[in-house]
Structure formats: C-alpha cells, structure tokens
There are 2 protein chains.
Amino acid sequence: VNIQTTPPRLNSALRAELEAKIRGKAKPIGALGRLEELAIDIGVMSGSLMPELGAARLIVFAGDHGITAEGVTAYPSAVTREVAKLILAGTGGANICARSVGIDVLLVDAGLGEPLDPHEVLVSAWCGPGTRNARREPAMSPELRDKAFHAGRDLASRLAAEGVGIFALGEIGIGNSSSAALLSHAVTGLPLPALVGPGAGVPAQGLDHKVAVLEETYARARTSDAWEALRQFAGFEMVAMAGAMVGAAEAGKLVLIDGFIATSAAAAVLALVPWTRRSFVFAHRSVEPGHNLMLEYLHARPLLDLEMRLGEGTGAALAVPLVRAAERLLTELADLPGEHPV
Amino acid sequence: VNIQTTPPRLNSALRAELEAKIRGKAKPIGALGRLEELAIDIGVMSGSLMPELGAARLIVFAGDHGITAEGVTAYPSAVTREVAKLILAGTGGANICARSVGIDVLLVDAGLGEPLDPHEVLVSAWCGPGTRNARREPAMSPELRDKAFHAGRDLASRLAAEGVGIFALGEIGIGNSSSAALLSHAVTGLPLPALVGPGAGVPAQGLDHKVAVLEETYARARTSDAWEALRQFAGFEMVAMAGAMVGAAEAGKLVLIDGFIATSAAAAVLALVPWTRRSFVFAHRSVEPGHNLMLEYLHARPLLDLEMRLGEGTGAALAVPLVRAAERLLTELADLPGEHPV
C-alpha cells in the first residue's frame with residue numbers, strides 16, 4: 001500500500017433507506033431517472049438521508065510535460081501557460097462553464113515550465129518546470145511525485161474543511177493526452193494504441209508517430225503499478241489531481257471527474273484506493289477516443305455527452321447543477337402524503 | 001394561415017460570421033462540441049455576434065384533461081392540482097431543478113379542474129375546468145383554444161419585454177400523454193400506437209386499452225391540421241404553451257423544449273409557423289417512448305439524456321446552464337491572439 005487512507009464509515013443499511021425515501025417522493029417511481037441513482041450515491045457517500053454537500057468549486061490543475069519534445073503535440077508546451085493566464089483572467093473555457101453554473105474557479109500550478117505570478121485564484125503547488133521527457137527517463141522523481149500528490153490531497157482537505165463538498169476537477173497541460181494514455185495503459189492493460197488520440201490536436205507528424213513514441217516510452221519503464229506509473233508517465237497536474245481525488249474522498253465529499261485526462265488519474269486512484277469509487281461521479285463523455293474505453297473499463301456512465309474535448313474541467317463544471325438537483329431530490333422534493341407526510 | 005406572425009429578420013451572413021468568430025476562439029477547433037453549435041444557433045436567433053439572452057425562467061403550464069374519464073391514466077385528474085400546489089409551495093420537481101440552475105418558476109393555470117387561489121408565482125390563464133372528453137367531443141371550442149393560445153403568447157411577449165430571453169417551458173396535466181400522442185399523430189402522421197406510452201404511469205387497464213381509446217378518439221375527429229388538432233385533442237396547458245413558444249420566437253428569444261408533451265406542442269407550432277424552429281432548443285430526451293420518434297421526425301437532438309420522464313419542465317430547466325455556457329462562448333471566451341485580438 002502506497003497511500004494510507006481511512007475511508008469514511010459506510011452505513012450498510014443506508015442505500016435501502018435512501019431507495020425507500022425516494023420511492024416516497026411526490027413523483028412517479030423512477031421519473032427522475034439518473035438523478036435518482038445519483039441522489040442515492042450522494043446519500044451513501046455522505047452517510048445521510050439528508051445530505052448537505054456544501055459549496056462546489058472548479059479546480060484546474062496545470063502542468064507541463066517533457067514528452068512534448070518528442071513531437072507528440074499540435075501545440076508547443078508554452079501554450080499551457082497561456083491558457084493558465086486566460087483562466088486567471090477569467091476568459092478561459094473553464095471560466096465560462098464555471099460562471100454558467102455559478103461556481104468559482106481555482107487554478108493550481110503543479111508544474112508549469114515557468115511558474116505564474118501570484119494571483120488571488122492561483123494556488124501554487126509548483127513541483128518543477130514541467131516533467132522530464134518520459135521517453136528517456138521517469139517523468140519525475142519519487143519525491144516530486146509524493147510532493148505533487150500531497151499538495152493535491154492537502155488542498156482538497158483544506159477546501160473540504162472550508163465547506164467545499166463538490167470538487168469539479170480539471171486540467172491543462174500540453175502533452176497530457178500522451179501522459180494519460182500511458183498511465184491508462186499501465187493501470188488498465190487496455191491496448192495502448194486504442195488509448196492514443198488527438199488530444200488538443202493531431203501532431204504534425206501524425207497519430208502513428210504519437211503511438212510509436214508512446215510505445216517506446218512505455219517499453220522503457222514497463223509497469224502496471226499505479227503509484228510507479230504516476231511517476232514514470234504522468235504530469236505534475238495529474239498527480240496533484242489524483243491527490244485531490246483522494247483528499248476529497250477521505251473527507252466524504254463528491255468528485256466530478258471530467259474527461260480522458262482526469263479519468264486516467266481516477267483510474268490510478270481507484271487502483272490504489274478502491275474505496276474512493278463511492279465519491280466519484282463521471283461528468284462528461286469526451287470525444288477523445290480513449291475515454292470511452294476507459295469509461296467502459298471503469299463501468300462508468302457520465303452524466304453529460306456534449307461532444308466536448310477541451311479539458312479545463314469544462315465537463316465537470318457543467319455537471320454541477322445535476323449534482324445539486326439530485327441532492328435537492330432528497331432534501332427539498334415533497335414527500336407523498338401518507339406514510340411520508342408532505 | 002391561422003396565426004399571423006412576423007419573424008425577426010434573419011441576417012443571412014451571420015452564420016458564417018459566427019462560425020469564423022468561434023474558430024478564432026482560444027481553444028482547439030470544435031473542442032466545445034455541441035456548445036459551439038448551440039452558440040451559433042443562439043447568435044443567429046439573436047441576430048448578433050454578441051448575443052445577450054437575458055434572464056431565464058421556468059414556466060410550467062397546468063391543465064386537466066377530460067379524457068381521463070376513459071381510464072387512460074394511472075392517477076386521477078385531481079393529482080394535477082396537487083402537483084401544482086407543490087410547485088407553488090416550492091417543493092415540486094420543477095422547483096428543485098430550477099433552484100439547481102438558479103432560475104425562478106412561474107406556474108400558469110391554463111385550465112385546472114378547479115382554479116388555484118392567487119399566489120405570487122401563479123399566472124391565471126384559466127380557460128375552463130379541464131378540457132372535455134376528446135373521445136366524445138372536441139377537447140375545447142375554437143374560442144377557448146384561441147384564448148389559451150393568446151394567453152400563452154401574450155405572457156411570453158410580456159416576459160420578453162421584461163428581459164426574459166430563455167424560456168424553459170414545462171407542463172403538468174394528468175392525461176396529457178394521451179393528448180400529446182393524439183396531437184403528435186395528427187401533426188406528424190407517425191403511427192399512433194408508437195406514440196402511446198405510460199406517461200406518468202401505466203393505467204390499470206393497460207397500455208392496449210389506452211391505445212384503443214386513443215384510436216377511437218382520433219377516428220372521431222380525424223384531422224392533420226395542427227390548429228384544428230390543438231382544439232380537438234390538446235389540453236389548455238399545451239395550447240397555452242404553444243402560444244408561449246410562438247410569443248417567445250416572435251421576440252427573438254430562446255425556447256427550451258422539455259419532453260414528450262412539450263415536443264408535441266412544438267411540433268404543432270412548427271407545422272403552423274415553421275420559422276419558429278430557429279428559437280427552439282430541445283433540452284432533454286425523455287424515456288417516454290414516443291419522444292424519440294418525435295425527435296427523429298423533427299431532426300432534433302436534445303442536449304441532455306438523463307432518463308427522466310417527470311415533466312414539469314425539469315429537463316428544460318436543467319439545460320439552462322448549457323445555453324448560458326454557449327452564450328458565454330461568444331461573449332466571454334478569449335480570442336486567439338492574431339487577427340482576433342485577445
């Protein structure tokens with residue numbers, strides 16, 4: 001075991017009680033569809049028939065990737081920092097989605113090539129000027145993996161203590177569809193080529209080149225251990241996000257998993273700390289081809305399917321109102337008259 | 001022509017300008033998926049590269065249905081009024097969804113069996129104590145159809161003038177899945193049995209009975225004229241909702257179409273005033289089986305698929321943040337540096 005965790009206690013009778021409670025609500029049985037399943041999951045996760053999740057926050061983790069030196073991206077690494085600056089300025093995709101659901105954004109610099117200047121919505125967890133080139137050497141040292149992971153976990157713990165109960169997690173990092181394909185392959189054993197897609201854009205040398213580079217990269221380190229795979233292949237933003245997933249789950253809070261990159265981090269977390277599954281809600285089905293495979297592997301069915309592939313936590317943010325509605329189904333929807341007084 | 005309307009002027013160059021504008025945004029081409037299509041539709045509908053839709057409102061139309069006398073429902077007609085009272089009390093499905101997206105609810109009494117007492121969120125457009133039994137006679141007179149339609153149209157005009165630009169429309173009315181199946185069949189020619197489903201619940205006498213009653217009902221009046229079909233088969237809430245769709249479209253505003261019942265009203269409106277299509281956004285794919293057929297017929301692809309079948313505008317309300325995000329994509333997302341200055 002690489003991560004010592006204490007799962008919040010599960011009340012084994014609660015699921016049946018939640019199901020009965022929802023059957024007693026003023027609506028035809030099952031008429032709220034997936035919101036009813038989600039409400040039950042929220043109740044179980046919260047250990048309550050009257051869950052109060054609290055505030056929602058979009059947290060975008062940023063990091064650069066040494067593997068961009070191998071021509072596997074359509075954009076240069078410096079674009080990550082440009083996008084980070086847009087998010088700080090409030091004009092990124094993350095911001096428009098967060099504002100549309102009425103939540104605030106935090107940006108976590110886990111390892112941009114050049115750190116960002118301080119900003120009120122910036123959390124610095126800088127672990128280095130991007131990762132090393134994973135084709136040649138491990139993306140990061142064990143120490144920096146631990147540092148990034150604990151930074152994410154501590155941030156989630158702190159936010160949970162401040163009242164955040166819905167963690168919509170996203171990422172930016174040119175090159176991270178490569179890192180995510182490698183991490184996903186290592187953790188799940190799904191065929192690597194099927195996990196390789198265009199990410200933010202098909203590289204000039206084509207997808208076949210990207211596959212070849214990633215096959216070589218995986219062959220260098222060949223591991224199926226999730227903790228080791230995080231350091232060999234992931235970016236700092238992905239490791240920090242994995243830490244935040246664990247921290248939120250330990251606090252009994254809900255995590256909205258965004259697209260392919262976030263799902264690869266979630267898969268690593270689930271391999272390491274399987275009980276965290278109860279806190280995870282998959283938000284959006286990305287058009288990045290590897291995402292579907294990973295969702296199948298994890299038996300996960302996202303709430304939204306808007307054919308997006310932007311990252312930045314856009315899908316996670318847009319799912320927040322659905323979580324809210326499911327929570328309110330338990331706490332605010334009228335009961336049927338009779339056994340359950342209105 | 002039964003309805004005199006003036007479409008807002010279309011700017012034929014605008015679609016191409018909107019597409020170019022979105023290509024110049026700080027994100028990979030197409031990476032916001034369906035939000036990009038929606039943004040273009042919003043721009044065209046608003047006649048602007050910088051649309052400002054304004055406020056969103058959930059408007060739930062309520063009415064009772066004489067055809068409930070034929071044993072086609074699982075619940076008695078009086079339940080409509082009980083649900084209406086929950087909505088006024090803020091504890092209905094409509095309310096929990098509206099609150100989850102931060103919008104207010106209006107309830108329109110278009111023809112409950114017994115009118116409701118005045119309430120601050122109630123709009124009275126009462127046309128009678130429910131419709132007549134359409135199996136035996138037209139559901140309503142031409143005069144009452146016109147009254148219900150104009151009440152909805154005038155309400156939408158008034159709200160548009162007050163700044164509402166996103167009309168999430170829903171309905172309650174025990175029996176209205178029967179009325180919607182008849183209206184849909186009349187307007188589209190799709191086979192009636194395929195349009196008959198459980199609605200709020202399978203009636204005690206079974207779905208075959210419901211189909212048989214509706215076949216007889218249709219045979220009595222046999223019309224493919226949408227305006228005549230509204231009076232023969234629809235409920236007051238459906239006619240008022242159809243009026244609101246026209247009123248909102250005339251004002252150049254956006255209408256979120258909820259489930260099967262709302263879609264049947266939309267199909268009637270589209271038959272009568274085809275240009276209104278530019279204002280319609282289909283919000284949610286209901287599990288009511290006829291809905292899929294109608295969506296195919298209308299070439300419509302809803303934004304959400306949450307397996308709900310509650311009505312009350314729940315699906316329409318939950319789609320509001322997606323409309324907001326699409327609008328913000330045009331107005332708040334950064335442009336790429338270069339031709340389009342950041």
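In what follows, every chain begins at residue 1, and chains take the letters A, B, ... in the order their sequences are listed.
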Any side-chain to backbone donor/acceptor pair from A/D258 onto A/G315? Under 3.5 Å, distance only. yes
Please list, in residue-number order, every residue in residues 57-65 of chain A that has a heavy atom less than 4.5 Å from any heavy atom of chain B; write 'none' if there are none. none
So with a 6.0 Å cut-off around CD of A/E52, is the heavy-atom count from everything else above 12? no
Among A/V83, A/V287, A/I29, A/L310, which has the most heavy-atom pairs under 4.5 Å with chain B? A/L310
Main-chain N/O of B/T314 paired with B/H284 side-chain donor or acceptor, under 3.5 Å: no
Can you name the salt bridge (charged side-chain N to carboxylate O under 4.0 Å, His left out) partners of B/K210, sequence neighbours left out? none
Interatomic distance, CE@A/M45 vs NZ@A/K253, rounded to 0.5 Å, equals 7.5 Å
Top residue by heavy-atom pair count (under 4.5 Å) with chain A, among B/G92, B/G33, B/A31? B/A31
Residues that B/H291 engages under side-chain hydrogen bond (donor to acceptor under 3.5 Å, both in side chains), provided they are two or more places apart: B/T263
Between A/R324, A/R328, A/E332, the one whose heavy-atom pairs under 4.5 Å with chain B are most numerous: A/R328
What pairs with B/A39 under side-chain contact (heavy atoms from CB on, under 4.5 Å), at least two apart in sequence or on another chain? B/I22, B/A326, B/L329, B/L330
Which one, A/E327, A/E36, A/E37, A/R99, leads in non-hydrogen pairs under 4.5 Å with chain B? A/R99
Quick one: what part of B/L304 sits under 4.5 Å from any heavy atom of chain A, side chain, backbone, both or neither? side chain
Comparing B/V101, B/T331, B/V323, B/L318 against chain A, the one with the most heavy-atom pairs below 4.5 Å turns out to be B/L318
Exam field: side chain A/E171 to backbone A/E237, donor-acceptor pair closer than 3.5 Å: no
Interatomic distance, B/L322 atom CG to A/C97 atom SG [nearest 0.5 angstrom]: 9.0 Å
